[in-house]
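Reading through the structure tokens given below for one structure.
One-based numbering, in listed order, for ligands and for the atoms of each.
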Amino acid sequence: MKILITGGAGFIGSHLAERLLENGNEVFVIDNLWTGRLANISKIQTHERLHLVIDTILNESVMNELIFKADQVYHLAAAVGVRNIMDHPVETLDTNVKGTEVVLRLANQFKKKVFIASTSEIYGKHVEHDLSEEDNRVMGSVKKRRWAYACSKTLDEFQALAYFDEKRLPILIGRLFNTVGPRQTGQYGMVLPNFVQSALLAKPINVYGDGTQSRSFAHVNDVVEAIMRLMAEPSAEGDIFNVGNNEEVTIKDLALKVKEMTGSDSEIDFVPYEKAYGPGFEDMERRCPNISKLKRTIGFEPSYDLKSTIQSVIDYFKE
Ligand code: UDP
């Protein structure tokens with residue numbers, strides 16, 4: 001099959017590209033290298049079935065040609081990283097809203113199936129329970145910049161569902177929860193690569209807030225496996241799926257685990273949110289997926305637990 005990955009030089013996109021090539025597909029990657037890196041695809045860049053285009057998904061003539069050629073599209077290109085989003089609100093909205101609009105409009109023109117990478121961020125400030133696909137969203141004030149990202153991705157979901165309902169375009173939406181693994185950089189704020197790098201360099205591990213906020217981390221290999229299986233499952237079309245791992249950990253415990261597993265002497269420092277992200281920042285207290293729909297639909301079980309996930313990130317940075 002010919003498959004287009006937008007954002008294919010990104011952390012998740014590059015792992016997906018590798019898997020799709022392994023399975024014998026011809027893979028087209030478009031990436032503007034905003035947060036994507038050529039280093040992510042160095043192993044496959046010269047592969048005879050990989051075609052790399054360095055350009056923005058907002059370039060409609062390039063996208064027109066790529067989507068025309070492709071049998072399927074995995075749309076992963078988006079603004080990523082809380083720090084990056086706080087620093088670049090205009091690019092965030094442009095990429096996430098206009099970019100997805102371009103992808104869906106052109107995919108509809110040629111009737112090509114599209115996977116839309118969405119995010120757990122769209123659930124907003126839930127605290128009560130594990131999050132299911134039908135749950136309400138709890139958004140903060142428009143004055144809090146963080147929520148622009150959640151709203152832009154929510155609009156992506158609405159756009160995709162609209163194309164499915166009104167135009168019969170085959171789409172499906174994966175709400176990716178915190179995804180980690182080799183090649184993820186800490187540059188855009190992500191917690192695990194930052195903790196591991198600090199621990200290995202014996203620098204302070206900076207826990208933002210009081211560390212009681214929790215997350216659930218999925219290994220990128222599990223996430224890629226899940227989204228490929230969703231794309232191959234006809235009953236998943238037109239629907240939304242949480243994609244992640246439901247083993248929950250507080251950020252303070254994550255810091256302690258990283259410290260223990262690296263044998264590091266690093267101090268654990270508690271940094272106020274305001275100092276980390278600037279004034280008016282709101283965090284999500286809890287974010288754990290209910291993945292029963294994913295299990296029911298494709299029989300998916302995560303194959304990495306938290307410990308093996310952390311270990312793979314440690315091994316990567318040691319290398
Ligand atoms: N965090 C932290 N130290 C860091 C980076 C992040 O304590 O160096 C916290 C952050 O405030 C959040 C959690 O770790 O509560 C996860 O942050 P990340 O940016 O990785 O993802 P998010 O789930 O917030 O999108």
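Residues forming a salt bridge (charged side-chain N to carboxylate O under 4.0 Å, His left out) with Arg105 (at least two apart in sequence, or on another chain): Glu60, Glu101.
Under the ring pair (Phe, Tyr, Trp, His ring centres under 6.0 Å) rule, Tyr208 has a single partner from Phe195, Tyr277, Tyr273, Phe270, which is Tyr277.
If you take CZ on Phe115 and CD on Glu237, they are separated by 13.5 Å, rounding to the nearest 0.5 Å. From Ile12, atom CD1 reaches atom OG1 of Thr179 across 4.0 Å, with rounding to the nearest 0.5 Å. Here the straight-line distance linking atom CZ of Arg287 with atom OG of Ser120 works out to 3.5 Å at 0.5 Å rounding. Expressed to the nearest 0.5 Å, how far NZ of Lys2 lies from CD of Glu26 amounts to 5.0 Å.
Under 4.0 Å from any atom of ligand 1, one finds heavy atoms of residues Val82, Glu121, Arg146, Asn178, Gly189, Met190, Val191, Asn194, Phe195, Asn206, Val207, Tyr208, Gln213, Arg215, Ile251, Tyr273, Tyr277, Asp283, Arg287.
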